[in-house]
Amino acid sequence: MSDLTFDGKIAVVTGAGAGLGRVYALLFASRGAKVVVNDLGGGRHGEGSSSKAADIVVEEIQRNGGTAVADYNSVVDGEKIIKTALDNFGRVDILVNNAGILRDKSFAKLSDADWDLLHAVHVKGSFKTTQAAFPIFKKQGYGRIIMTSSNSGLYGNFGQANYSAAKMALVGLANTIAIEGGRNNIYCNVIVPTAASRLTEDILPPELFTELKPELIAPVVAYLCHESCQENGSIIESAAGWAGKCTIVRSNGCLLRTKLSDKVTIEVVRDKWDKITDTSKVERINSIQDATGALVTSLEGLRSKQEGVEEGETDNYEFNNKDAILYALGVGASVAKPEELKFLYELHDDFQILPTFYVLPALQAVYMSNATQNAIPGKTVSLERILHGEQYLEIVGDLPQEGALVSKTKIVEVLDKGSGAVIVTDIEICNENGELIARNQIVTFAVGSGKFGGPRTGTKIIPCQNKPKRNPDISLVQKTSVDQAAIYRLSGDNNPLHIDPNMALLSGFDQPILHGLCTLGFSVRLILAAFASYDTSLFKACKARFMKPVIPGQTLRVNMWRENNRVFFETVVVENNSVVIGGAYVDLKSVSMQPLANKLATPELKSDAIFEFIIDQVKADPNKAKSVGGLFLYNITKDKKQAKQWTMDLKNAKVYEGTPEGKPNTTLTISDEDFILLAEGKLNPQTAFMKGKLKITGNIMLAQKLAPLLRANAKL
Ligand code: NAI
């Protein structure tokens, strides 16, 4: 293999007048880099200054045929050091933050000056140089940064509290710079050296001292700075011709409660302390995602292999009508639809619980069980990286409206898909008398847990079903609320991914997403509306595959195809036309479509979503609407027939379906399709008017003022 060179590269090494820095500078120069040899030339404790230290190293490099300039600034003025590189060589590619001092004292005797000076040189100095170089690295799409830490920081050392703290601060600094720079090919790593130098001459035993040559570490630092090295955000320890990587590990920990409703007490913590701190089995933590994880809150206790409900064990779930009502609100039931009042009012003559409520005990049972984590022999499945892939629910007995349920989980199949593992869990739910009332099957995909030598295909997954190849028989549309996930999570799925914007970002989403099971609850409720006249006793089973996330506030369209007692369905987000639930069906005991379904089966209009969006806009900024003013009536046509009417009462900042109370100032008639084109900006309103696609009666001038409101909808 060819030699690694640094031709054309500019390297800045701080504190390069002696010790490790000097050897780094010599090595870079010997491999073709032009080097800025920075050194303040002060004493071991940070006192004084002299240009001699840097000058001697520059002369040495030049004697060897290399190129170098001296810089005598303190690293605290880091930007001046980077300026030296730019003034002399026009660029900078490599920055080794190496300068350092010691002011050792036992902690009790440590003075403010001992603390401040230490932090100024190590932490502030590294910050200043790196911040000055960072934009240059970013612009050129390349940069390599080294921070110098110490075993005193990683593990502590008597008499070095100030030094330990500063050295550990550099690890934190490097961790974040590695994340922020990584995408621009700016890599930042930490070196933890042990070498003979004036800093260690009275610390290291004499017999070791002579063996710990800085020359044995310099190649490790130089490799980390080479453009071919892809290491980023790592802590590399090196000494005496050895190098290794340090990483953070965490014990498997232990569950502090067996039910979500259990309290965690100080006594429980005491009793489980041995298990909490048992590091005989550990997990490597590589990132904040690993540490906190998308499912951290709801799954926080499930790391332990020793605690909790084992496979085949049971989990208790207690509920009352308040839980059922909260769930119904969570899946979009509303008193605005009189037929749905029975899901929301416990004293209703016909109070009913939505059948999909019975996914909740199953989900809790899976959360409380360690079976998923231990599904693959010899491996611990990372719960943060589990995706809910498919859900099956079947009702087999009479459903109680309150009381206690017992759920039993069992992993029935684990498939090896290479990139991950498919884990199939069956959950049986029994009533207080032990009678089976419902079955669930949850199929999860454990990202990164594949390649364990298991079977690729299996027989236990209840299959999804393809929808018929014809237009849907019925489509129902409902907009979710921006608070939908905030409400739904109160039914037990507290995963912060659905509420916390930071957690959502960590999981790769721009904003919190709706629970897949919430979208399923919406869909099944609308299917019951269309094909069961909202009679929940007609529900038998449902199966769904979760395909894409829904953002709270988006509009769901459930496309339904009926064949005998089976209703195939797919759920689509209207705003971006993406299918979020597919391969899905609901089985009914029998179909009941009269008279409700006929009422509901009005053809769905695409413009509904735009009007829903306008409603949100107007609510968010009523003054903007009021500034336009006017009372508008929209006649939306479909197949040349009037299909829907919408009122935009901008004087009062109100938009609603139907006709206004008073006489509209302006009436606009347009087809559903053309309205979408207008909103998307693909149809010019003037052209539409001239071509007769848009008919306007009343105050035409006022209609022109609508343009900004409509243009805003082009986003859709
Ligand atoms: P050293 O004392 O031989 O070299 C440090 C150099 O930094 C000196 O030439 C000094 O003049 C310069 N310097 C000090 N303050 C400065 C400032 N404000 N601005 C510019 N230059 C300044 O020490 P050594 O052992 O080579 O240490 C290098 C780095 O490695 C330090 O950060 C040290 O904390 C770290 N380290 C060293 C270990 C070892 O075993 N030698 C162990 C762990 C960490």
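Counting starts at 1 for both ligands and their atoms, following the listed order.
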field: Gap separating the CD1 atom of I423 from the CD1 atom of I411, nearest 0.5 angstrom
entry: 5.5 Å
- request: Kindly state whether the ring of F445 and the ring of H388 have centres lying under 6.0 angstrom apart.
  value: no
K417 atom NZ, over 12 foreign heavy atoms within 6.0 Å: yes
message: One residue to check: I101. Relative to ligand 1, which of side chain, backbone, both or neither has a non-hydrogen atom less than 4.0 Å away?
response: side chain
Can you find an N or O of [X] that's nearer than 3.5 Å to an N or O of ligand 1?
| X | result |
| --- | --- |
| G21 | no |
| D39 | yes |
| A195 | yes |

- prompt: Looking only at side chains, do N157 and Y163 share a donor and an acceptor under 3.5 Å apart?
  reply: no
query: Near T194, which atoms of ligand 1 are under 4.0 Å from a heavy atom of that residue?
result: 40 (O)
task: Decide yes or no on side-chain contact (heavy atoms from CB on, under 4.5 Å) for L20 and I217, but give the supporting numbers first.
output: CA-CA 8 Å; L20 286 157; I217 295 171; 3.9 Å; yes
query: To which of S74, S197, G153 does the heavy atom nearest atom 24 (P) of ligand 1 belong?
result: S197
- line: Among S49, S126, S152, A99, closest by heavy atom to atom 16 (C) of ligand 1 is A99
